[in-house]
Amino acid sequence: MTHNEYMYDDELDPEIAALLDTVEHNPRDLQDLSVGTTVSLDEEDEKVGNSRTNSISDVDLSIRAFKPITEFFSSTPHTIFDDPDYYKTALQGENESAQKLHNLLTKYLTCQDPKDRTVYRQQMVNVYWEFIRSLAPKMGNLSLPKCKRMLMRFGVVLPSLFTDEQKQTFSSAFVENRLGEPVYYLDEWFQEIVSGRIGISATDEARPARRSGNAAEEASHLMQLKSKNSGKLQNSENLLTSKESQRAMVEAELVSRIEQICKHDVLVGLGNHKAPYSETQKRLFSEISERLRLLSKIDRELTNYLNEFKEAKSISDSLDVKLSSAPSTMEINSSDINTEVDTVRQMAKMTVGRQGNHFPIFTREYYHCTPKGTGFRENVVDTMAWIESVDPGAFCRIHKNVSNRIIPFVILIPTYGDRGFCWEPFDRYNRITSRGRIAVPMYPKDLRIALLTAVADLRWQVAKEKASYYWMEEGLTGQYYQWLVTQKLKGDVKDYFIEDYVLWMTKESEGVQRLDKEVRGIFWRHIPFSQEIKEKLKIRSLVYQELYQRDLNRAMSDGY
């Protein structure tokens with residue numbers, strides 16, 4: 001077959017033509033693709049970003065909202081995709097999987113028989129993920145060629161599979177995390193895993209026991225202990241701050257009432273003598289007494305929280321001292337990295353679904369998103385901000401009647417899927433303040449729907465874990481499950497919930513009634529809209545006006 005027989009968008013791409021020339025005229029050069037200088041994890045010049053100080057992965061409970069995004073794309077695009085050696089550099093230095101990927105990609109791009117092309121496309125999936133398995137451990141190397149990172153990040157193996165417009169769009173996407181939110185591209189995610197700042201994702205398989213005594217293993221164990229303790233530390237500090245604020249408010253009320261009691265009017269005609277306490281002032285005596293009792297109660301609680309905070313702070317400081325003397329670079333456990341690669345591959349499958357397009361490589365043939373509809377970090381954070389503006393409790397977790405805003409880790413997977421999902425609602429060692437994990441496809445038909453399905457899944461799992469054994473009876477999951485039983489619907493209850501949550505956020509929030517009356521009542525109670533939206537809805541329909549009135553009734557009876 002000649003070059004002219006292979007047509008891709010009406011003409012052969014120059015880079016593909018050059019690739020085919022190499023195949024035909026100098027095949028030995030391609031056999032050396034996987035031979036050469038392999039990046040060693042033990043080399044002295046390797047730079048692993050493994051700082052154990054505060055990072056984006058750490059939870060800050062003082063942050064109450066997303067920062068407004070002023071720029072979605074850079075005004076000065078990078079030139080990584082313009083590198084003529086992009087393809088060769090991206091594949092060079094890897095194991096034999098790079099050679100297999102190259103050979104299979106060549107066959108796929110040059111094949112004209114639809115059946116053979118389908119076979120090559122299916123074979124590409126396993127070969128690509130084997131290549132990712134080879135590449136993932138090297139993400140901690142900050143001097144790694146950027147083309148390897150872009151391959152991992154966007155699935156871009158061959159830049160000529162872009163259209164000019166698509167290349168401009170992807171080149172304009174910001175490379176660094178300027179937003180400070182825990183939203184990670186795949187290369188960044190593996191960089192955090194390799195560095196030890198983030199632990200590997202939970203799996204159903206039991207992890208083998210490790211031998212003690214290794215300094216790096218001890219450091220890893222210390223990091224795990226610190227993660228366990230951080231939940232207690234952050235929560236106790238949060239409760240302590242809350243009680244201090246409550247005490248300050250009650251003290252201000254007490255001072256105000258005492259000042260009122262100490263004011264006496266001069267009696268006219270009786271010299272400088274002042275009037276006794278008025279009836280209003282006498283009534284303040286009992287109020288002052290109540291406030292003093294309340295202050296005594298607050299002080300007891302504050303003392304307990306302070307002791308908890310001191311204990312957690314002492315443990316944290318002790319762990320920090322031990323960590324400071326631990327190895328400066330943590331040894332990368334190959335089995336852990338392989339496990340995470342397998343987990344991410346499973347995430348990729350789940351975003352696509354059984355009947356979806358599992359092709360792992362970016363190509364204009366399958367990419368049909370707009371720039372703002374692509375899963376770039378800025379677009380994802382902007383959509384999450386919209387979700388939070390409609391559903392203020394979307395990312396909140398309540399502990400001891402205190403609501404903590406905890407944004408989950410968001411892993412951006414370069415797939416052609418349409419649904420996001422929750423992998424973990426929180427860390428099993430820190431259920432109070434740890435981040436959950438949600439996966440979002442980067443090239444969906446509708447980015448907003450992809451994120452809504454992920455947040456719905458997160459909401460369901462958090463509510464289910466909170467209700468524990470009684471999840472079919474209590475709270476959000478219990479009431480929704482009971483309704484589903486009465487409707488005699490078959491299937492996964494969570495799938496029904498996710499579909500209804502999407503309608504709740506996209507239709508009901510606009511006043512378009514699409515949900516069952518009982519489901520609407522459950523969502524209004526347990527997944528309330530922001531007050532601003534409630535105010536708008538109550539004048540749109542009697543249905544919402546009735547729900548709004550129920551809120552007022554509950555508030556008056558202190559049952560809300």
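In what follows, residues are counted from 1 in the order of the sequence shown. From a predicted model like this one, the values you see are computed outputs, not experimental measurements.
- We find the CZ-OH distance between Phe362 and Tyr443 to be 6.0 Å, quoted to the nearest 0.5 Å.
- Side-chain atoms of Glu308 and Asn304 include no donor-acceptor pair closer than 3.5 Å.
- Defined by atom type and a distance below 3.5 Å, a donor-acceptor pair is missing between the side-chain atoms of Tyr185 and Asn177.
- Neither side chain, Trp524 nor Glu508, offers a donor N or O lying under 3.5 Å from an acceptor on the other.
- Inspection of the Arg435 and Ser57 side chains reveals no N or O donor paired with an N or O acceptor under 3.5 Å.
- If you run side-chain contact (heavy atoms from CB on, under 4.5 Å) between Pro408 and each of Val183, Val455, Leu458, only Leu458 comes through.
- For Ser172 and Ser74, the side-chain atoms include no donor-acceptor pair closer than 3.5 Å.
- Two residues are said to be in side-chain contact when any heavy atoms from C-beta on lie closer than 4.5 Å; Ile411 and Ile438 fail this criterion.
- Within the cation-pi definition used here (under 6.0 Å to the ring centroid, within 45° of the axis), Arg431 does not qualify as a partner of Phe426.
- In this model, no donor atom of one side chain and acceptor atom of the other lie less than 3.5 Å apart for Gln513 and Tyr544.
- With no hydrogens or angles considered, a side-chain donor-acceptor pair links Glu535 and Gln531 at under 3.5 Å.
- Using modelled atom types, one finds a donor on one side chain and an acceptor on the other under 3.5 Å when comparing Thr374 with Tyr367.
- Looking at Glu290, Glu251, Glu287 one by one, the single match for salt bridge (Lys or Arg N to Asp or Glu O under 4.0 Å) with Arg257 turns out to be Glu287.
- Between Phe66 and Phe395, the ring planes are perpendicular. Angles over 60° get that label, and only those under 30° would be called parallel.
- More than 12 heavy-atom neighbours from other residues, nucleotides or ligands sit within 6.0 angstrom of CD on Gln260.
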